Amino acid sequence: METKPPLAPLSVQELLNNCHKLAGLSLADLAKQTHSSLPVSPSKGKGWVGQQVETFLGATAGSKAEPDFVNLGIELKTLPLNAKSRPQESTYVCHIQLMQLNKQRWEDAWVNKKLQHVLWVPYQASKTIPYPNRRIGNAILWQPSAQQAQQLQQDWEEIMEKLCLGEQQELSAHCGQYLQVRPKAANSKVLTNAYDDKGNLCQTLPLGFYLRPDFTRSIIEQSYLRA
DNA sequence: TTATGATCATCG
DNA sequence: CGATGATCATAA
């Protein structure tokens with residue numbers, strides 16, 4: 001973690017300047033800028049936009065369990081918007097460590113830390129727009145309001161209670177108003193270690209935290225009011 | 001294998 | 001037509 005990419009922004013201002021260069025680019029433009037090529041098909045390129053934006057902005061590539069801009073403490077998320085400029089999908093936050101979820105407090109929960117400071121990069125994801133023509137929007141540097149933080153913590157407490165009781169089988173995506181739990185795996189047959197309701201070691205489907213579209217929608221609407 | 005980046009595909 | 005559960009790609 002000692003080595004930083006040469007393009008990594010040294011300040012928030014530099015990061016925002018780079019975001020400004022990004023705004024308005026089509027996905028075809030983005031591919032050219034990052035010297036990559038567009039996915040052969042949208043279904044084969046699910047994480048492509050996020051990856052290319054990371055590259056463009058000089059984020060740390062790869063799957064490290066730390067912020068994308070580690071020196072700035074900022075997490076990067078691209079946000080697909082539909083024709084109504086509303087989030088089209090939920091937003092993945094992080095993997096859930098089922099083996100060590102006891103004794104965790106909200107203050108030092110991984111999901112909380114990730115959401116402390118997020119750079120949202122919205123872009124057009126409506127299927128009515130040809131994939132190469134979809135454009136990147138203006139980035140939003142966001143920190144949760146007291147109310148948002150409280151709502152997230154509430155959901156988290158509810159979810160963690162069930163997880164700690166070994167009730168991950170009963171835990172569906174219906175739980176939580178803004179923060180939810182969903183499968184996070186290559187497919188439904190993938191298994192990872194966990195504890196069952198009796199505290200015995202068992203195997204279960206890996207899970208991750210996601211933000212519901214309603215929550216991210218409030219973030220971009222909040223930014224409209226500021227602008 | 002586990003983490004990251006997410007969207008797809010189906011169903012109510 | 002939105003949400004849930006399933007799935008695709010890549011890095012280390």
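None of these values were measured; they are calculated from a predicted model. Per chain, numbering begins at 1; letters A, B, ... match sequence-line order.
Using a 4.0 Å heavy-atom criterion, one finds that P42(A) contacts the sugar-phosphate atoms exclusively. Counting any heavy atom pair closer than 4.0 Å across all strands shown, P39(A) reaches no nucleic acid atom.
Listed by chain and residue number, K77(A), K114(A) satisfy the salt bridge (Lys or Arg N to Asp or Glu O under 4.0 Å) test with E75(A) (two or more places apart in sequence, or in another chain). For the side chain to side chain donor-acceptor pair (under 3.5 Å) test, residues two or more places apart in sequence or in another chain that qualify with R182(A) are S90(A), Q180(A). Residues satisfying the salt bridge (Lys or Arg N to Asp or Glu O under 4.0 Å) test with K184(A), not counting sequence neighbours, are none. Scanning for side-chain contact (heavy atoms from CB on, under 4.5 Å) contacts around S26(A) gives A28(A), D29(A), R135(A), with sequence neighbours left out.
For the residue pair Q13(A) and N17(A), a side-chain donor N or O sits within less than 3.5 Å of a side-chain acceptor on the partner.
The stretch residues 133-143 of chain A has no heavy atom under 4.0 angstrom from DNA chain B at all.
In this model, the phosphate group of dG5(B) is approached by a side-chain N or O of K77(A) to a distance below 4.0 Å at OP1 or OP2.
Under a 3.5 Å cut-off, the side chain of Q148(A) and the backbone N or O of S145(A) do form a donor-acceptor pair.
One atom, CD1 of I96(A), and another, C1' of dT2(B), lie 14 Å apart when rounded to the nearest Å. Rounded to an integer number of Å, the gap from K64(A) NZ to dG5(B) C1' is 15 Å.
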Can you pull every protein N or O that's under 3.5 Å from an N or O on nucleotides 5-9 of chain C?
unit_1: dG5(C); atom_1: OP2; unit_2: A173(A); atom_2: N; d: 3.0
unit_1: dG5(C); atom_1: N7; unit_2: R182(A); atom_2: NE; d: 2.8
unit_1: dG5(C); atom_1: O6; unit_2: R182(A); atom_2: NH2; d: 2.8
unit_1: dT7(C); atom_1: OP2; unit_2: S188(A); atom_2: N; d: 2.9
unit_1: dT7(C); atom_1: OP2; unit_2: S188(A); atom_2: OG; d: 3.2
unit_1: dT7(C); atom_1: O2; unit_2: K46(A); atom_2: NZ; d: 2.6
unit_1: dT7(C); atom_1: O4; unit_2: A185(A); atom_2: O; d: 3.2
unit_1: dA9(C); atom_1: OP1; unit_2: K44(A); atom_2: NZ; d: 3.1

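With contacts defined as side-chain heavy-atom distances shorter than 4.5 Å, the pair T192(A)/Q203(A) does not qualify.
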